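Working notes for the structure below.
Atoms within each ligand, like the ligands themselves, are counted from 1 in listed order. A quick note: this is a predicted structure, and the numbers were derived from the prediction, not measured.
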Amino acid sequence: MHCFKSLENLKSAYIERIHQVSDERRSGKKSVGTFCLFVPDEIIFAAGADRMILCGGKNDTISIAEQYLPRNICPLVKSSFGSIVNDGCSGVKSCSHFSMVDMIVAENTCDSKKKMYELLDNYVPTYVIDLPQRPDTPEALKYFVTELDKFRDAMEQLTGNKVTNERLRQEIISSNETRKLLHSLYELRKRDPSPISGVDMLKILQKQYFLSPGELKEHLRMLISEVESVEPEGAHRPRIMISGCPMPGGNTKVPEIIEDKGGVIVVEESCTGTRSFWDMVDEDKEPMLALAERYIEIPCSCMSPNDRRIDNILELARDFKVDGVVYYTLQFCHGYNIEKYKVQQALKKAGIPMLFVETDYSNSDVEQIGLRVDAFMEML
Ligand code: BJ8
């Protein structure tokens, strides 16, 4: 696969971003930490604050978290919590993101996250957005609008800035621009052979809630022009969709295995994939209502029913001409684990093969997953 210079630049962008947020904070700008797509960035930026993603994708902080939390909960929660409570004494590097936020903005999604947020409040003030979980009812939307109104008030209090409709509209337009750039990039992945690997794509998606919107757009524009100029080469490789749990920074295990075994990931139905940018916010509506309408429709497995997700998977499989789906879940993520059943039934009906991979952040199962992926590829 082609090496893209814009992806190389991402490494230095990381260090620059850490300096940027530190400087901003020294000059009085507030910064918040988030863990989930349900928190609208537009409200944070309209209040004049910055934001950093705090989701953990690294294995080395899990043993630290296990001194406080049960072992049998999802690795994403343990990794995140371990980074936050890590004091560096165990030799594991502390998380620089966490020490750079004035407030955590959390959301009531799965049980593990909800309970972690109660504990996080002991470390950093933690604001929780309550999320209605039956999204298709009119009451849910009304309730979510009031929750987002309360969140806007909390941001105004934190920053001392008024969140006006005009500021919100500007941020909605800016976020929609980012979403359109990501759509353009995904459009290029529809080519056969795909000009960019899934691992490379994941690396940029993992940075989308870390970089500032301006930097992200700049990187995306550079990457799009590089990818556009790549001449398709090589034979057809099995086109794979990954569907399921997110893969935060530090976690590229399963995509690496799939692409080492000869497949190419052409689309991800996950929060480090299409769920993060697929739908636009309506720029013509009253901004808080438009935000509530867009965000409540994110097809996360904490929603019930969540048939929108099944429809999305089938549509993406068709549009990206996928040969097979790797359904990826983290251990103890009950929502995505249970939803596998419905997804499997729908894919079977559509004649699309599916491989189920349940894993954690350790490398102990790399070989075993590799053997199963190998056998899956042969079938396609
Ligand atoms: S919108 S997927 S980012 S909640 S993997 S912690 S669900 S037990 S991350 Fe998520 Fe928001 Fe939903 Fe997306 Fe819980 Fe599952 Fe762990 Fe998860």
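In summary, an N, O or S atom of Cys271 is located under 2.8 Å from atom 13 (Fe) of ligand 1.
For atom 10 (Fe) of ligand 1, the nearest protein heavy atom lies under 4.0 Å away.
Residue contacts with ligand 1 for Cys74 involve side-chain atoms from C-beta outward but no N, CA, C or O (heavy atoms, distance under 4.0 Å). Counting heavy atoms closer than 4.0 Å to ligand 1, residue Ser301 contributes nothing at all. Residue contacts with ligand 1 for Ile73 are absent, since no atom lies close enough (heavy atoms, distance under 4.0 Å).
Judged by the shortest distance from any of its heavy atoms, Gly335 lies outside the 4.0 Å radius around the atoms of ligand 1.
Near Val77, meaning under 4.0 Å from any of its heavy atoms, are these atoms of ligand 1: 6 (S). Below 4.0 Å from some heavy atom of Thr109 lie the following atoms of ligand 1, by number and element: 4 (S). If you number the atoms of ligand 1 from 1 as listed, the ones under 4.0 Å from a heavy atom of Phe38 come out as 1 (S). The ligand atoms of ligand 1 that sit less than 4.0 angstrom from a heavy atom of Cys36 are 1 (S), 3 (S), 4 (S), 11 (Fe).
In this structure, the side chains of Phe332 and Asp360 stay at 4.5 Å or more apart for every pair of heavy atoms. Inter-residue side-chain proximity for Arg189 and Val264 is flagged as unmet; no heavy-atom pair is nearer than 4.5 Å.
Taking only non-hydrogen atoms, the option from Met116, Lys114, Arg275, Lys113 nearest to atom 3 (S) of ligand 1 is Lys113. One option in Phe332, Tyr336, Phe35, Tyr295 has a heavy atom closer to atom 2 (S) of ligand 1 than any other, and that option is Tyr336.
Salt bridge annotation for Arg308-Asp136: present, with a cationic side-chain nitrogen under 4.0 angstrom from a carboxylate oxygen.
Geometrically, Lys113 does not engage Phe35 in a cation-pi contact, judged by NZ or CZ lying under 6.0 Å from the ring centre and within 45° of the ring axis.
Atom CD of Gln157 is surrounded by 12 or fewer heavy atoms from other residues, nucleotides or ligands within 6.0 Å.
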